[in-house]
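Okay, structure first, notes after.
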Number of protein chains: 2
Amino acid sequence: MTFTVGAVELELKSPGSLTHRLTATLREAVQTGRLAAGAALPPSRTLAAELGCSRWVVTEAYGQLVAEGYLAATTGSATRVRGAAVPSVATLGEPLAPQPRPRFDLTPGVPDLAAFPRARWAEAYRQAVLDLPNDLLAGRALVATTGARTTLTDLLRRTRQVQEDPTQLSLTTGAGAAIGWLTPLLVQLGHTRIAVEDPSWPGLRAVARRGGLSPVPIPVDENGLEVAVLNRHRDVRLALVTPAHQFPSGVALSASRRLDLIEWAQRVDGLIIEDDYDADFRYDGRPVASLQGLAPDRVVLLGSLSKALSPAIELGWLIMPQSLILALLGLDLDRIVSPSPLTVEALAVMIERGWYEQHLRAQRLRYRRRRERLITALKHYLPQARITGLAAGLHLPLDLPPTTNTRDVVRRGAALGLGLVEADRYRIRPRPKPGLVLGFGNLRDTRIEEAAERLGRAVELSAIRDSPATRSSR
Amino acid sequence: MTFTVGAVELELKSPGSLTHRLTATLREAVQTGRLAAGAALPPSRTLAAELGCSRWVVTEAYGQLVAEGYLAATTGSATRVRGAAVPSVATLGEPLAPQPRPRFDLTPGVPDLAAFPRARWAEAYRQAVLDLPNDLLAGRALVATTGARTTLTDLLRRTRQVQEDPTQLSLTTGAGAAIGWLTPLLVQLGHTRIAVEDPSWPGLRAVARRGGLSPVPIPVDENGLEVAVLNRHRDVRLALVTPAHQFPSGVALSASRRLDLIEWAQRVDGLIIEDDYDADFRYDGRPVASLQGLAPDRVVLLGSLSKALSPAIELGWLIMPQSLILALLGLDLDRIVSPSPLTVEALAVMIERGWYEQHLRAQRLRYRRRRERLITALKHYLPQARITGLAAGLHLPLDLPPTTNTRDVVRRGAALGLGLVEADRYRIRPRPKPGLVLGFGNLRDTRIEEAAERLGRAVELSAIRDSPATRSSR
């Protein structure tokens, strides 16, 4: 199928949705110079008529190419081909348009996006918007009603055995925002370093570093954080940990290590920041209780909806010991990065109606089954790989044979539609141990088998290529 | 009406809602010691039966008192009177429960909360939640679809004559968040000071200071920022301004001053940060176009929904010159504080359906009428006061007679149910000029007359009390 732009005739590329095809066709025409800088695109109405499609298809394609910098739109005149590439906010690392997720989404940290309870969340939000007293619409200073605060506190007591009362609970937009708010204050209190697990999620470490705390890597073994190593760092009085399900190694902090860690905090008069990121999901029994419940005076607990519902909601919470609240008094502190009160109330409605825990139960079953099926498939297609970690969470670590070039596996996997992340990416001190961290949260059930098969192929291809001669150059 | 807690009989206070009365009664009983530390409150079901009310009334009252620190709630056991006051997040300046707005709300910066288009916002959000592609639920990295980005850009071009394309637009949670993100980066680029208007909104100045920029106060006259004074500060290359409607003086930056300011920015190779906080509301003609439209390479524009819809939505935007985007490249930057993609899409639905501009038109008429009626009432009850500022925005400056003790007016006003803010609160270098900044955004139409009457009374009482002998102690 062809269409014309000025005097230029273009052939509509395939495959994909019409929007995608039109976008790709125009993008290529600009890249190859078939459409010259300054050339006017036809009005969306005209092109839609020519293509026999809705006008929306054309405006979406134009919009995408404006966002990518290929076209320029000016009010009242035609959309035109842009002269030269210009910097955009995308150069600052902020994507201009949603990137499609990989077809076989094995990226860690992403929950089941298709399972997001859209209708219920929309209904809970609607209820919140209609019911909220006018005064609460004045904004962030009034971030949660007493009811919502109590509802969330009760939930955390019930599900995470948290010891707190609503007066210690702050609402945030997520764990990163909470760390971003807290670290400059901890610096004001005299902290300069923060112990972090090695390996761990790089995002939170980076936020702490930006806030003025140097991360001190502490190794993790099969019992979690090696507290003995932490004990040797005499100048560290802060630790950021994932006790319920260590990310990414997948182990839980053992009972004796928990006590050791609390003892450490008491001895150095320190604080433990507990990132309770995916503790709702444990498949071989009840979730491990929070560390905060054991030592509420030494633990700051961070939680969010990112895994339970979706990161797109931008809602989290922060529970601080009363001693920390006291210590922060008088510091030059900005208000905690607050979520929308409407979102907070919507969560309260979800919890009160039982929808939230119903969703968690359904997801627990779904993730458990998905994990088991993935493991079965991996054992079949990658018998030489070793799966580690607890039956918990949304990811599993996969050790690859010692001669594997993991980077090559990731590259080849991408070409096969697999979203993969190297285990090394989470390590601070790299270890020459090939492996991946596989997320299965957003992997569709119907694609598990094929994902494992393709991953097997990617590993195999890498092994063939990775002859002893090239291996040393890794 | 009486009820019992253990062996203690309490008389239900009045007036107010039942929740309010119960809360007040219990609070007083704890404060006065009638209910001793450790005393158990009856289960909510029991007390509700005794009072003949819904259980919700009791849980809300208990929850409020837990939040205030009077009661302690523990799962599985009774709610009890707390031993001693303990620090709570409220001590960090984060309110634990919504504070009711004053009955006569003359606080600047608050829009008409009762006019928030609840049904339409809920519907737009529902549409966004139901329509959003799964992939966008992965969170902040995908903060806006191309469609939403283009819709918002088009709106800003149309309503604010902004010169930009969607590639320069970042979504934020508001102006404060935008400044909070930008200032540490400007410090990395070598900036140390930022010119701010005197008077101006203290919130943004404080965020800039916390980010490492010292505010340099520049006076404002009837033509806006005194650019001649700015020109004398040779080491300042940043200015934070409110050109469309200076806050709080209510003037617009004159045409020649606009050119002077742009010339300044070009001469010093500097940047102007334009806080476009209430420019949608001008009652004597079309809103003044944005400064950004005149000098897109020198102006960072900040906008938000705080005045147009409600601060509770936590949504704003930031438009940066391409030169700044280029300069920020390579800095250690965190992602811009992102709003929820669901909220962004909901705004796009509001705009696309015409609901957003319809709301603005309706509010413009409403605020205009409200302002005129307030001025009429003020002229009647406070003939000695002088109203200044343009017919615009949601506030008006009110100069009081030279002998007035403004602090006393605010105090007496509060006792009469008036929410008042002294003009001095916005000044960096205080001037001995009594006055208030009156917000009328959230003042109910039916209360205008009475608000002015009560304000007249507060001023009169202060004048009587403020004899020459006490005046000097102000």
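Because the structure is a prediction, the values reported are computed rather than measured. Chain letters run A, B, ... following the sequence lines, proteins first, then strands; residues in each count from 1.
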More than 12 heavy atoms from other groups under 6.0 Å of CZ on R444(A): no

Side chain / backbone / both / neither for P184(A) at chain B, heavy atoms under 4.5 Å: neither

Any donor-acceptor N or O pair under 3.5 Å, side chains T19(B), E60(B): no

Electrostatic pair R120(A)-E123(A), nearest N-O below 4.0 angstrom: no

Sidechain-backbone polar pair: R126(A) side chain, R126(B) backbone, donor-acceptor under 3.5 Å: no

Q168(A) versus chain B, the contacting section by heavy-atom distance below 4.5 Å: backbone

Max heavy-atom pair count under 4.5 Å with chain A, selected residue of I325(B), T150(B), L169(B): I325(B)

Proximal component of D131(B), with respect to chain A [non-hydrogen, under 4.5 Å]: backbone

Which portion of P111(B) sits near chain A, non-hydrogen atoms under 4.5 angstrom: neither

P296(B) backbone acceptor or donor facing Q163(B) side chain under 3.5 Å: no

Heavy-atom pair count under 4.5 Å with chain A, highest-scoring of L309(B), I313(B), T59(B), T343(B): I313(B)

Residue, of G147(B), G176(B), P133(B), that accumulates the most heavy atom pairs under 4.5 Å with chain A: G147(B)

Sidechain-backbone polar pair: D135(B) side chain, R101(A) backbone, donor-acceptor under 3.5 Å: yes

L132(B) versus chain A, the contacting section by heavy-atom distance below 4.5 Å: both

